[in-house]
Amino acid sequence: QVQLVESGGGLVQPGGSLRLSCAASGSISGINVWSWHRQAPGKQREWVAQISAAGNTNYAPSTKGRFTISRGGTENAVYLQMNSLEPEDTAVYYCKLLKNGIHVYWGQGTQVTVSS
């Protein structure tokens, strides 16, 4: 079983930065695709960024150039560096692991609030 725990959320002013972390425990070895998603109040959960097993990254148009996804060296952690934050980035952020193309795991989420 795999458990994911996000951290690093909080309140930040517009233009500020935050770094989210997602720590994984359990049996995570495999061909893994990590991604970050977010859900704002009253909206559907949306995909934010992804890093493949090969290290290739992709971003949603709204976050490209501002957000950076990366993995820890032992692949038991994934990060989301968020710069130039905007009020529209306010949401609960979730990390997701797709293991071997079959098994899907989600974290419990961390709140990010961008407000002056």
Evaluate the side chain to side chain contact (heavy atoms under 4.5 Å, CB included) criterion for residues Ser17 and Met82: first the C-alpha distance (whole Å), next the side-chain angles of each, then the deciding distance (0.1 Å), finally the verdict. CA-CA 5 Å; Ser17 298; Met82 306 186 296; over 6 Å; no
What residue pairs, at least two apart or across chains, pass side-chain hydrogen bond (donor to acceptor under 3.5 Å, both in side chains) with a residue in residues 85-102? Ser27-Lys99, Arg38-Asp89, Arg38-Tyr93, Arg66-Asp89
Please report the closest heavy-atom contact between Ala53 and Arg71, naming both atoms and the distance. O-NH1, 3.4 Å
Is atom CD of Gln3 surrounded by more than 12 heavy atoms (other residues, nucleotides or ligands) closer than 6.0 Å? no
Could you measure the distance from the OG atom of Ser115 to the CG atom of Leu85? Nearest 0.5 Å is fine. 12.0 Å
Could you walk me through whether Trp106 and Leu97 satisfy the side chain to side chain contact (heavy atoms under 4.5 Å, CB included) test, starting with their C-alpha distance in whole Å, then the side-chain angles of each, then the deciding distance to 0.1 Å, before giving a yes or no? CA-CA 7 Å; Trp106 290 91; Leu97 168 62; over 6 Å; no
Separation between OG of Ser35 and CG of Leu98, rounded to the nearest 0.5 Å: 8.0 Å
Under a 4.5 Å cut-off applied to non-hydrogen side-chain atoms, are Asn83 and Phe67 in contact? no
Under 3.5 Å: donor-acceptor pair, side chain of Gln39, backbone of Glu46: no
Give the C-alpha distance, both sets of side-chain angles, the deciding distance and a yes or no for side chain to side chain contact (heavy atoms under 4.5 Å, CB included) between Leu80 and Trp34. CA-CA 11 Å; Leu80 186 68; Trp34 294 91; over 6 Å; no
In terms of hydrophobic clusters joined by side-chain contacts under 4.5 Å, are Val5 and Val78 together? no
Any Trp36 side-chain heavy atom under 4.5 Å of Thr63 side chain: no
Decide yes or no on side chain to side chain contact (heavy atoms under 4.5 Å, CB included) for Val33 and Gln50, but give the supporting numbers first. CA-CA 7 Å; Val33 178; Gln50 174 177 296; 3.6 Å; yes
Can you spot which of Leu4, Val48, Ile69, Thr110 makes a side-chain contact (heavy atoms from CB on, under 4.5 Å) with Cys95? Leu4
Taking all non-hydrogen atoms of both residues into account, name the closest pair between Val92 and Gly109 and its distance. CG1-CA, 3.8 Å
Output yes when a side-chain donor or acceptor of Asn32 lies under 3.5 Å from a complementary backbone atom of Ile28, and no otherwise. yes
Answer yes or no: is there a side-chain heavy-atom contact under 4.5 Å between Thr113 and Val12? no
Can a cation-pi geometry be assigned to Arg19 and Tyr79, taking NZ or CZ under 6.0 Å from the six-membered ring centre and within 45° of the ring axis? yes
